[in-house]
Amino acid sequence: MKKRVFSGIQPSEVIHIGNYIGAVRRWVELQNDPEKENIFCVVDLHALTVRQEPEKLRERTMELMALFIAVGLDPEKSLLFLQSHVSVNAEGAWLLNCVTPEAWLKKMTQYKDKSAKQEIVLTGLFDYPVLMAADILFYDTDEVPVGEDQKQHVELARNIAERFNHHYGETFIVPEPVIGKVGARIMGLDDPTAKMSKSSAHIKGHAIRLLDEPKDIEKSIMRAVTDSGSDIRFSKEPEKAGVNNLLSIYQALTKKSAEEVERDFANARGYGDLKKAVAQVVIAETAPIRERHAELMKDRGELTRIINMGTEKARAISEPRLTDVKRKMGLIV
Ligand code: ATP
Ligand code: LTN
């Protein structure tokens with residue numbers, strides 16, 4: 001039996017190299033694994049958990065779908081869909097709300113971080129992990145490939161599945177989080193102690209955005225915060241966090257071992273050489289994606305066709321599970 005894989009990404013702001021290395025690029029590898037059956041979702045309902053400009057959200061949603069294809073996801077091989085087009089996800093989230101103790105959600109570190117930054121915290125932001133659990137559970141998911149920051153949410157989905165199964169009988173598969181070994185947590189270029197994040201992508205020098213022009217990519221990498229030394233090696237020491245982050249990006253994109261990476265820089269004359277080399281590999285990886293993306297965005301009709309095809313397939317998988325859950329919970333179906 002093939003393992004079913006489910007993952008998603010929000011169309012909030014533009015995608016950065018952390019999202020690419022930690023998530024999307026790994027999805028392309030999974031697509032080529034004959035043991036996996038993959039579902040990838042643009043989670044637009046999740047984006048609504050913080051205030052969005054409606055027109056911009058619509059545009060970014062299209063852009064993200066086009067980006068899925070530009071990086072190499074093939075709508076014939078992987079199921080690509082838009083979360084809001086399949087009502088099972090939101091409806092399922094309500095049902096799961098009614099088996100999820102509030103205390104579990106209060107423990108979510110992402111909620112604590114994100115809510116601290118908001119003047120008004122929306123209820124949707126608090127409930128965000130339950131919607132994510134519905135995305136995962138109603139598709140009978142075995143594996144959830146995500147970055148380190150989402151591990152706690154996948155564990156919550158596991159707990160919800162176990163609780164439901166305990167109360168109502170064996171129903172949901174208890175999913176496993178799958179975290180990459182390299183690049184699971186790319187840090188901000190401006191502050192290598194904080195995760196590179198979409199919500200901070202507008203801050204100058206913070207992120208490498210996937211669709212940035214080569215000259216902008218080079219500029220932001222050359223400006224990246226490092227330390228006052230000259231030692232180029234992987235290190236967990238806090239003052240080496242900047243260098244460590246640049247090396248991690250380089251390692252993830254070149255797929256070299258840590259030793260090979262350090263050897264590449266054994267004769268470097270300083271951080272300038274390191275930054276130039278990182279900029280080069282990032283540009284080599286992203287330039288073709290950017291070009292394909294621009295082409296795809298010209299044909300909205302084709303993107304709409306792909307979205308509609310995904311909607312149909314996603315409904316076919318999740319609707320029977322929704323009916324099953326409703327019946328078990330005592331609703332008339
Ligand atoms: P936000 O700042 O709005 O929370 P984000 O940058 O964390 O956005 P998400 O849409 O929440 O982006 O995450 C999409 C995927 O990218 C997830 O699998 C997440 O784990 C992964 N990811 C996000 N940031 C990083 C990062 N800095 N390094 C590696 N993976 C990341
Ligand atoms: N919350 C996730 C995005 C997401 C997701 C999912 C990931 C929504 N639903 C289901 C994996 C499986 C995030 O990356 N911010």
Side-chain angles (χ1 to χ4, degrees), residues 4-15 19 23-24 27 38-71 73 75 78-98 100 105 110-111 114 121-141 144 146 150 153-154 156-157 160 175 198-199 293 296-297 299-323 325-326:
R4 179 163 295 150
V5 173
F6 190 112
S7 198
I9 186 161
Q10 302 185 57
S12 49
E13 300 301 328
V14 280
I15 294 237
N19 303 135
V24 187
W27 301 356
N38 300 291
I39 307 179
F40 302 117
C41 185
V42 174
V43 293
D44 51 351
L45 296 174
H46 274 106
L48 293 176
T49 58
V50 294
R51 195 158 174 193
Q52 302 285 342
E53 268 182 53
E55 274 317 314
K56 269 199 189 154
L57 178 59
R58 253 188 293 277
E59 190 58 19
R60 287 205 186 107
T61 301
M62 274 298 190
E63 276 177 12
L64 187 53
M65 199 40 103
L67 192 73
F68 275 14
I69 300 160
V71 299
L73 293 176
S78 298
L79 200 176
L80 309 180
F81 82 103
L82 194 54
Q83 189 186 33
S84 65
H85 281 199
V86 184
S87 56
V88 172
N89 298 50
E91 208 178 333
W94 179 258
L95 299 174
L96 297 183
N97 272 333
C98 301
T100 308
L105 295 183
Q110 189 181 79
Y111 172 71
K114 283 197 178 178
V121 179
L122 302 176
T123 308
L125 188 66
F126 183 61
D127 202 31
Y128 169 125
V130 179
L131 177 58
M132 178 162 162
D135 294 340
I136 297 168
L137 300 181
F138 282 88
Y139 290 79
D140 295 340
T141 302
V144 187
V146 280
Q150 294 297 320
H153 290 161
V154 181
L156 180 89
I160 294 175
K198 275 201 241 124
S199 11
H293 187 261
L296 288 158
M297 284 303 285
D299 193 348
R300 299 292 173 112
E302 176 60 8
L303 284 173
T304 305
R305 188 192 69 80
I306 290 168
I307 291 174
N308 292 341
M309 181 170 86
T311 306
E312 291 299 314
K313 290 190 196 165
R315 284 187 184 147
I317 293 176
S318 58
E319 279 174 354
R321 179 61 65 216
L322 182 72
T323 307
V325 168
K326 282 178 161 174

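Computed from a predicted model, the values in this text were never measured in an experiment.
Classified by interplanar angle (parallel below 30°, tilted 30° to 60°, perpendicular above 60°), the ring pair F6/Y139 is tilted.
With respect to the salt-bridge test (charged N to carboxylate O, under 4.0 angstrom), the residues E55 and R58 qualify. Looking at E302 and R305, a side-chain N of the basic residue comes within less than 4.0 Å of a carboxylate O on the acidic one, giving a salt bridge. For the pair E319 and K313, the salt-bridge criterion is not met [side-chain N within less than 4.0 Å of a carboxylate O].
Of the options H46, H153, Q10, a side chain to side chain donor-acceptor pair (under 3.5 Å) to Y128 is made by Q10 and by none of the others. Just one residue in the list I317, L322, V325 forms a side-chain contact (heavy atoms from CB on, under 4.5 Å) with V88, and that residue is L322.
Using a distance-only test at 3.5 Å, with no hydrogens or angles considered, a donor-acceptor pair links the side chain of Q83 to the main chain of L45. For R315 (side chain) and G310 (main-chain N/O), no donor-acceptor pair under 3.5 Å exists by modelled atom type. For R300 (side chain) and M297 (main-chain N/O), a donor-acceptor pair under 3.5 Å exists by modelled atom type.
Annotation: side chain of I306 is not in contact with side chain of F68 (no heavy-atom distance under 4.5 Å). In this structure the side chain of I15 reaches within 4.5 angstrom of the side chain of L67, judged on heavy atoms. Counting heavy atoms from C-beta outward, M132 and L137 have side chains that stay 4.5 Å or more apart. Side-chain contact between L105 and Y111 is absent, with no heavy atoms from C-beta onward closer than 4.5 Å. When side chains are defined from C-beta on, M309 does not count as touching L79, because their heavy atoms never get closer than 4.5 Å. The shortest distance between side-chain heavy atoms of V86 and F81 falls below 4.5 Å. The closest side-chain heavy-atom distance from I39 to T141 is not below 4.5 Å. Annotation: side chain of D127 is not in contact with side chain of T100 (no heavy-atom distance under 4.5 Å).
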Take S7 and V146 through the side chain to side chain contact (heavy atoms under 4.5 Å, CB included) test and state the conclusion after the steps. CA-CA 7 Å; S7 198; V146 280; 4.0 Å; yes
Steps toward side chain to side chain contact (heavy atoms under 4.5 Å, CB included) verdict (I307, V42): CA-CA 10 Å; I307 291 174; V42 174; over 6 Å; no
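Contact between L296 and A66 at its shortest, heavy atoms only, is CD1-O, 3.4 Å. Between A134 and G92, the shortest heavy-atom distance links the atoms CB-C, 3.8 Å.
Residues D44 and S84 bring a donor and an acceptor atom of their side chains to less than 3.5 Å of each other.
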